[in-house]
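Okay, so here's the structure we're looking at.
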Protein chains: 8
Amino acid sequence: ARRGYPEAVLCEPKSVEQVALIAAEVAAAGTPTLFTRATPEQAAAVLAALSDAHHDPVARVVAWPAAAPEPTGGLVVVVSAGTSDLPVAREAELTARYLGRRTQLVVDVGVAGLHRVLGHLDLLRSARVVVVAAGMDGALPSVVAGLVSAPVVAVPTSVGYGAAFGGVAPLLSMLNACAPGVAVVNIDNGYGGGHLAAQIASS
Amino acid sequence: ARRGYPEAVLCEPKSVEQVALIAAEVAAAGTPTLFTRATPEQAAAVLAALSDAHHDPVARVVAWPAAAPEPTGGLVVVVSAGTSDLPVAREAELTARYLGRRTQLVVDVGVAGLHRVLGHLDLLRSARVVVVAAGMDGALPSVVAGLVSAPVVAVPTSVGYGAAFGGVAPLLSMLNACAPGVAVVNIDNGYGGGHLAAQIASS
Amino acid sequence: ARRGYPEAVLCEPKSVEQVALIAAEVAAAGTPTLFTRATPEQAAAVLAALSDAHHDPVARVVAWPAAAPEPTGGLVVVVSAGTSDLPVAREAELTARYLGRRTQLVVDVGVAGLHRVLGHLDLLRSARVVVVAAGMDGALPSVVAGLVSAPVVAVPTSVGYGAAFGGVAPLLSMLNACAPGVAVVNIDNGYGGGHLAAQIASS
Amino acid sequence: ARRGYPEAVLCEPKSVEQVALIAAEVAAAGTPTLFTRATPEQAAAVLAALSDAHHDPVARVVAWPAAAPEPTGGLVVVVSAGTSDLPVAREAELTARYLGRRTQLVVDVGVAGLHRVLGHLDLLRSARVVVVAAGMDGALPSVVAGLVSAPVVAVPTSVGYGAAFGGVAPLLSMLNACAPGVAVVNIDNGYGGGHLAAQIASS
Amino acid sequence: ARRGYPEAVLCEPKSVEQVALIAAEVAAAGTPTLFTRATPEQAAAVLAALSDAHHDPVARVVAWPAAAPEPTGGLVVVVSAGTSDLPVAREAELTARYLGRRTQLVVDVGVAGLHRVLGHLDLLRSARVVVVAAGMDGALPSVVAGLVSAPVVAVPTSVGYGAAFGGVAPLLSMLNACAPGVAVVNIDNGYGGGHLAAQIASS
Amino acid sequence: ARRGYPEAVLCEPKSVEQVALIAAEVAAAGTPTLFTRATPEQAAAVLAALSDAHHDPVARVVAWPAAAPEPTGGLVVVVSAGTSDLPVAREAELTARYLGRRTQLVVDVGVAGLHRVLGHLDLLRSARVVVVAAGMDGALPSVVAGLVSAPVVAVPTSVGYGAAFGGVAPLLSMLNACAPGVAVVNIDNGYGGGHLAAQIASS
Amino acid sequence: ARRGYPEAVLCEPKSVEQVALIAAEVAAAGTPTLFTRATPEQAAAVLAALSDAHHDPVARVVAWPAAAPEPTGGLVVVVSAGTSDLPVAREAELTARYLGRRTQLVVDVGVAGLHRVLGHLDLLRSARVVVVAAGMDGALPSVVAGLVSAPVVAVPTSVGYGAAFGGVAPLLSMLNACAPGVAVVNIDNGYGGGHLAAQIASS
Amino acid sequence: ARRGYPEAVLCEPKSVEQVALIAAEVAAAGTPTLFTRATPEQAAAVLAALSDAHHDPVARVVAWPAAAPEPTGGLVVVVSAGTSDLPVAREAELTARYLGRRTQLVVDVGVAGLHRVLGHLDLLRSARVVVVAAGMDGALPSVVAGLVSAPVVAVPTSVGYGAAFGGVAPLLSMLNACAPGVAVVNIDNGYGGGHLAAQIASS
Ligand SMILES: Nc1ncnc2c1ncn2[C@@H]1O[C@H](COP(=O)(O)O)[C@@H](O)[C@H]1O
Ligand SMILES: Nc1ncnc2c1ncn2[C@@H]1O[C@H](COP(=O)(O)O)[C@@H](O)[C@H]1O
Ligand SMILES: Nc1ncnc2c1ncn2[C@@H]1O[C@H](COP(=O)(O)O)[C@@H](O)[C@H]1O
Ligand SMILES: Nc1ncnc2c1ncn2[C@@H]1O[C@H](COP(=O)(O)O)[C@@H](O)[C@H]1O
Ligand SMILES: [Mg+2]
Ligand SMILES: [Mg+2]
Ligand SMILES: [Mg+2]
Ligand SMILES: [Mg+2]
Ligand SMILES: [Mg+2]
Ligand SMILES: [Mg+2]
Ligand SMILES: [Mg+2]
Ligand SMILES: [Mg+2]
């Protein structure tokens, strides 16, 4: 494992055969591994080789071994702006958990309904780091970063259409967040956001 | 005047001579006119021909006649996210006022300090239309549109640097506002935003 | 419902199961709701839970309850530049109607045939707000805004190919409309355009 | 001269010394030449070598010899959407004239005031080709092409700000003109537009 | 028909049903019509209503009536840079022919093999206008425009991959052609290129 | 101060007068403050009001009070890829120091000379967080993130020309870093990078 | 064959029928030919006409004749940053080999694991030219060019998602490589990269 | 010097003081060095420390020592498409010469005048590598690569305006060259093009 964390295999650009081969190698070597962005077929290929792995179809993640390590470090709170951002948020949460952090997921707290954000203020302020997944206007990380003193990891999502440009709109919004303390990762990169959060919350 | 409103002259792409000529024509014809995006030199040329005009150097507007019409219709509230957005916000406010609306300006209520937005909730809810000028993440219109039932006119500004791309970041953010009821105009187009607001608030 | 208007559910990024679940909740709670950008499968799932809902397959909208509220406020005229812009125009019209406005739809009045625009001048001038859906060159809102004193809500559509860039060409054209009074919303956002129009025409 | 037309020298990227050198060569060789996009300093350098040349400071063109050839072929009508588009329109007109065509210039006929376009209908319909210079929304070529059966040469200009993106907005608009028969050239390329028009109107 | 030319129906964004309806109207009214960008299904629907129409599957055009008018005006030469640009080139050729021009098509004369271009020099120089369809580097119109004194209509195609960006690379190349006399139309717009050529070659 | 950290004033979009006014308020209120992106004139205006402030002309920062707080938390290592990235790197370092962290700056360790990176491996591995400022190819954060297990804050700079597009090239490179654990901030945003690093290294 | 090298046929934009026709012509003429970017169906069509051709399904190349020429010139080393870049790397390797060079392929040596790059240093330094295929951050060519004195041919790949923008991120990164000696070709253009490498290594 | 070649100092983003400091270090260490993209002030600072250096103001290069090494390897031919591309072409030529190659420069051979290209065919075919600097349509490398079997290094320049987008148009054109064997470097990067050419022509 790279630097003490589980290995990760990005399944998307690989064939089912390649993924099956890698899963067989993981089984042989016994390396803790996360398979990310796995299609149902790719996930099945992993489970064929690693039958006791954990598959989360929403997050499109297969984790082996199924049990996450005993958590250490600080709390990672993951916030999903809309229900459509859930897959990305869940991928972030699972990644942080399998890297050894306690996590908590909060769904559907977009800025169009501020009371929902404000209703979670205590939880947000108890976090060592907050991960925010948001598409469309990408406005939530600015709002959250203004409410907490912990760093905020912003994950733009491709949710939206037209001038959302597949996540470019929230990406730019997050890079220009008017509150400091916002760390941006690639569009739809729940894995990267969760990994970064786990590193931040390591102590 | 087009459709009962004062004429407007966009000074920026014109020479000082051209602006002076137009001002002389306005003086001769007696047409109520707004000179927008005027440099100090252009403003001086207008005042030379129309000595009783009103010049607002922050908004870069010269209005003639100096007195706005007696206000009719609903209230136009103009919100400036940061102090750097003030020129655009002020241009919007002046335009709405010279088109015959009551206006109120609120400055420095960015989303990084939500309490400042929430502190103006009563005023915002009393408006027939709210104009919001914001640069950088352009997140404020989404937040305001979620708090009021009046339409929100969003004016992206070129305030920011790097990946703000001269106002593209807030423009995209506003076009993808997750609350409905947001009308977007061109970057730095305070005149257009104020004009639209005046039309909306005509009754 | 947010601010007195029906709720809206953006179906596109949701699974059929998620849409069915939401429809069941709507049925239980009795909340007036618009389901937008619904595929035939998603629409069927809504109708299974809300059998008396109204489904408009062209606009891809399912509305519940089927009857729009008794109209109040001013007239919303919706203009479709070409027949290919009709789905977006119809989505705007339905949204405005279910938010409580009187609406009128005019189809195929592109600027290449000015006489068709001019033939509807009386209707256009009787509107409290005009919604214009147009793709390709997006020139129609400029022309209409020059003819009426009401605000114009411009909805760029993704109709076109090549350098239309999925609606970017008309979007930019509309943001730069040479007549003032043009409010722009996201590409293909008929819902947003209709919602904004209903808010503007509320009085 | 290439293909029977005068040579053209694009001054902009050249130093004053380089332009002076070329002008001296022109004087020696006696080749009819257009110097385009000339700064006042570059124009002065040309006039020092070719004292009987014609300098049009608005068009930024210096033409030698000063007299245009006796016109042949059809009429080239050049339309400037706004007064700020005049330099580009004038460059087009001069180019067509020095390539041997009769020309007529019409200024300030933007689509926001349709009656002004329609007021020139007879002139427009008498042209063998119409050149239209327009910035901002670039809507005028679509309208003109719908009114005449001659080809329309559309020259987007960099007039505008914000999302005009230095002429990209009218460029895209013109490439997507909903009326056929629109030939597009580069942003601010009055020379190219006039040259093309002269070639079209050669018979 | 607009301005004496056949009507054109852009099939692409329309349903098969809509196209069938329009074809039936064409049959009833007897209006000469070109159906462009027609899928096989759309073409079949047209032929069902207009059984004596001419269908060119490569150009994706259905023309009714099948016989082009007796040609008048000058010669239109259409050049296809590569064999993959043929559909666009053929669409341009057919359009010009059905608008009443004599046409000649030359295929596979890309700039990487200059001798092939130079081998057609006499034909190219006999044209009243040359249409060039080219993808990838879009270099051919510059080369052709340097060889002939007639205007060149450049049609960028979406042939290519990667940094061709769906035709943007040749589009920009053509807009910046270093030889004057190049008229650019939209990416893949063979119809528009042929229409413009027919108008240019009308005399 | 927001959340226990000093206030920050972005000087760039403000006039010298506005900056002077704010400095006077800071002097009156005694709030620890960082003035960032200050021109020499703006810096002078701050020093006029706060004569005992610390001015770093390379970083373009004025800090008041001059003494940074006693450091707590982990070590922040700041890496400048080239000497031209130094202003941004130094702004990041100063920000982290004035937010209360120990910092260390390493200059000129671009990936074209790997031995220079590898020569600092012990220092890099002793950091709680590494800030990397890099322009041009933006490759350094990927390399560093592969060498350390701490999070890496990547600050793209506008150093470069042509297809560097003012920092877009390194920005995209960093968002796509092939090693996980890279947090990206806006182009040239040394302040944001240092602030984020200080929050991460708070424990 | 162009300039002594085999002909190449880009299959992607051609129909299976067109490819079959070309293969038949190749069989008749006996011209050594590479069919690139061939789908399985296109490859089958080639093999039907040229049964003794060599098909590499990973590289999507069909080569005829199957035997590469006896190698001359220097060694071409091809490096694939990740396993997902293999198809492009393999296409480059095959092209260089069929143009008459000795080749060696090294897979999965991304910059996130520097030891893997450094482990191949002797091989890299023995090459006359190194081809590097990389997606995502595109950082590998900069690192390799800093380690060897031979030219580096950089082939950006479309591997990645979100802000990789289909290969734009590595393309820009490579164009801005901070080590000199990097030659860039189009995204996914393994053929072009291999061809260029073979020309460089001809002596 | 890195890998046996002279060091290079990119002056542009450095202050005159920084450049002077580096020149003093060069003088002390006796390292052969190229100072590139030097303003007149920066060049003067270099000459103050290295009075016997060679300064080429067109190329904006200062080379020390003034004498280039005795040439080895093959011939580097540098082609400038227009006179405005000369600075970039000359920077490439000087770089190749100071890296130890024989060079020859050919100016003003754009594709609009093919006879000029063809007139240099023998010289072009005698080169081990051809460097082509071109702006606007960037068509020349495609044409040259079709005429010679040596590799072509294409350097896009920022010459042009409007949709040339500061060199993006020729950059894309060159990346999509329809002849193989074209190596692309950054916009205006004469240094990089000359360096690459010298490495290619080393044998
Ligand atoms: N077609 C649409 N386009 C844009 N926004 C929409 C659309 N339909 C619904 N919405 C917005 O999206 C919100 C619902 O999002 P969700 O809860 O994810 O279904 C609604 O409150 C509307 O503001
Ligand atoms: N304003 C202009 N815009 C675009 N191209 C021009 C312009 N003026 C001249 N040209 C073209 O540039 C060529 C001259 O380029 P040059 O030799 O660099 O001055 C002429 O032959 C024209 O084709
Ligand atoms: N292939 C095409 N590309 C661009 N415009 C076209 C094309 N075919 C038809 N048109 C234009 O689109 C108009 C018809 O649009 P519609 O009424 O939506 O079919 C015609 O009048 C033409 O001006
Ligand atoms: N004109 C140039 N364009 C691009 N890169 C250059 C240029 N001149 C020098 N370089 C590269 O930049 C490095 C020097 O950067 P620096 O140490 O910041 O001066 C050199 O080693 C070259 O690789
Ligand atoms: Mg915070
Ligand atoms: Mg609201
Ligand atoms: Mg109006
Ligand atoms: Mg017409
Ligand atoms: Mg020509
Ligand atoms: Mg790491
Ligand atoms: Mg090297
Ligand atoms: Mg070649």
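Below, all heavy atoms of this structure are taken into account, side chains as well, without hydrogens, waters or symmetry copies.
Atoms CD and OG, on D:Q18 and H:S84 in that order, are 6.5 Å from each other to the nearest 0.5 Å.
Within a 6.0 Å sphere centred on CG of H:D122, heavy atoms belonging to other residues, nucleotides or ligands number 12 at most.
Considering every non-hydrogen atom in both H:A163 and D:L171, the closest pair reads CB-CD2, 4.2 Å.
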Assess the residue pair D:N186 and H:Y161 against the criterion (side-chain contact (heavy atoms from CB on, under 4.5 Å)); give the C-alpha distance rounded to whole Å, side-chain angles, the decisive distance to 0.1 Å, and a yes or no.
CA-CA 8 Å; D:N186 193 12; H:Y161 58 88; 4.0 Å; yes
